[in-house]
Amino acid sequence: MNKKVIYPGSFDPITKGHLDIIKRTSMLFDELIIGVFVNYSKKSWFSTNERVELIKKVLESEGITNAKIVEFSGLLVDYINKKDIDILVRGLRAVSDYEYELQVNLTNMALTNKKFETLFLTASREYLYLSSSIVKEVAINGGNLLEFVPKIIIEDVIKKAESIKDGR
Ligand code: PNS
C-alpha cells in the first residue's frame with residue numbers, strides 16, 4: 001500500500017543531518033512530503049520561502065525526485081489529518097532529543113483521533129551532534145560549513161550570516 005509520509009521540521013536551514021534523514025526515508029517509501037513549518041513565534045534566520053528554496057536546491061543537487069516540499073502552519077496533527085497522512089518521520093540524535101520527541105509525540109496523540117504512526121530514525125553517527133542552531137553559530141562566527149550543510153547551499157548560508165551581522 002502506498003503510504004503518505006511526512007518529514008516535518010523548521011529547516012532553518014536544512015543541514016546534512018536533515019538530508020541524511022530525507023535520503024533514508026525516500027528510500028523506504030515511494031514518496032515523501034517534506035513539511036516546512038511556518039513558525040510565527042520562533043525567530044528564524046530564513047523566511048519560509050527561503051527555507052523551501054534551499055531544500056529544493058539540495059534535493060535537485062542530490063537527485064532526490066520522490067520528495068515534495070510543502071509549507072504548513074498551526075498544529076502538525078491538523079495538517080496530518082487534513083492530508084490523511086499515515087506516517088510522521090522524525091530524526092533522533094541524543095537522549096535529549098528523545099525526551100523532547102516523546103513529549104511532542106504524546107501531545108500529538110492527545111490532540112487528534114487520527115490514526116498515524118511516528119517513525120523515529122536515529123541520526124547517523126557523523127550527524128549526531130548537528131543542528132540548524134549549530135550551523136548558525138558556526139556561520140555567524142565565520143567557520144567552515146562544509147561538514148554541516150550540503151555544499152550547494154553553503155554560499156546562501158554565508159550570505160545570510162553576513163546580512164544578519166550587518167543588521168540587514
Ligand atoms: O525542526 P524542528 O524545529 O525540530 O521541527 C519541529 C516541528 C516543526 C516539527 C514541531 O515544532 C511542530 O510540529 N510544530 C507545529 C506545531 C505543533 O504541532 N507542535 C506539536 C504539539 S506541541
Side-chain angles (χ1 to χ4, degrees), residues 3-26 28-29 31-59 62 64 67-124 126-140 145 148-150 153 156-157 160-161 164:
K3 299 282 184 201
K4 272 187 152 181
V5 185
I6 189 164
Y7 175 45
S10 305
F11 303 106
D12 185 44
I14 182 171
T15 67
K16 281 190 166 183
H18 292 131
L19 175 59
D20 178 54
I21 299 287
I22 291 169
K23 277 183 182 167
R24 288 160 58 198
T25 309
S26 74
L28 285 176
F29 300 99
E31 226 178 64
L32 167 66
I33 301 162
I34 300 171
V36 178
F37 183 46
V38 182
N39 197 340
Y40 295 112
S41 56
K42 199 161 119 186
K43 246 192 114 30
S44 51
W45 267 28
F46 295 89
S47 69
T48 310
N49 203 28
E50 287 171 332
R51 287 182 274 143
V52 168
E53 287 307 314
L54 292 181
I55 299 170
K56 223 182 255 175
K57 247 179 157 174
V58 171
L59 293 182
E62 294 288 330
I64 300 168
K68 73 167 182 181
I69 309 163
V70 301
E71 295 172 15
F72 76 98
S73 56
L75 287 177
L76 177 58
V77 285
D78 289 342
Y79 187 80
I80 286 175
N81 197 17
K82 196 169 75 185
K83 299 292 175 185
D84 201 19
I85 288 167
D86 305 291
I87 297 170
L88 161 60
V89 171
R90 292 287 288 168
L92 272 186
R93 292 162 301 185
V95 178
S96 52
D97 267 3
Y98 176 76
E99 292 278 341
Y100 171 73
E101 293 296 335
L102 184 64
Q103 191 181 14
V104 170
N105 195 243
L106 292 174
T107 309
N108 282 346
M109 294 302 168
L111 286 169
T112 185
N113 293 321
K114 162 99 174 92
K115 285 257 173 289
F116 69 92
E117 285 296 343
T118 305
L119 187 66
F120 294 105
L121 295 187
T122 52
S124 297
E126 57 269 49
Y127 308 126
L128 269 178
Y129 61 91
L130 187 53
S131 68
S132 296
S133 306
I134 286 289
V135 165
K136 287 181 274 193
E137 182 68 17
V138 173
I140 203 88
L145 291 169
F148 311 121
V149 295
I153 66 160
D156 299 280
V157 179
K160 180 61 80 176
I164 283 170

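Numbering of ligands and ligand atoms starts at 1, following listing order. Computed from a predicted model, the values in this text were never measured in an experiment.
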Any chance the side chains of D20 and S124 put a donor and an acceptor closer than 3.5 Å?
yes
Could you name the option among Y100, Y79, F37, Y7 that has the heavy atom nearest to atom 8 (C) of ligand 1?
F37
Looking at ligand 1, does G35 have a heavy atom less than 4.0 Å from it?
no
For a side-chain contact (heavy atoms from CB on, under 4.5 Å) check, start with the C-alpha distance between L59 and I22, then their side-chain angles and the critical distance, and finish with the verdict.
CA-CA 9 Å; L59 293 182; I22 291 169; 4.0 Å; yes
Report yes if some N/O of S10 lies less than 3.5 Å from some N/O of ligand 1; otherwise report no.
yes
Under a 3.5 Å cutoff, is there a donor and acceptor pairing between the side chains of S10 and N39?
no
Are R90 and ligand 1 in contact, using a heavy-atom cut-off of under 4.0 Å?
yes
Report yes if some N/O of L76 lies less than 3.5 Å from some N/O of ligand 1; otherwise report no.
yes
Candidates T107, I14, N108, L88; heavy atom nearest atom 20 (C) of ligand 1 found on N108
Might you confirm whether atom OH of Y129 has over 12 heavy atoms from other residues, nucleotides or ligands at distances under 6.0 Å?
yes
Side chain or backbone of N39 under 4.0 Å from ligand 1, or both, or neither, by non-hydrogen atoms?
neither
Audit row: L75, N81, side-chain contact (heavy atoms from CB on, under 4.5 Å) steps and yes/no
CA-CA 10 Å; L75 287 177; N81 197 17; over 6 Å; no
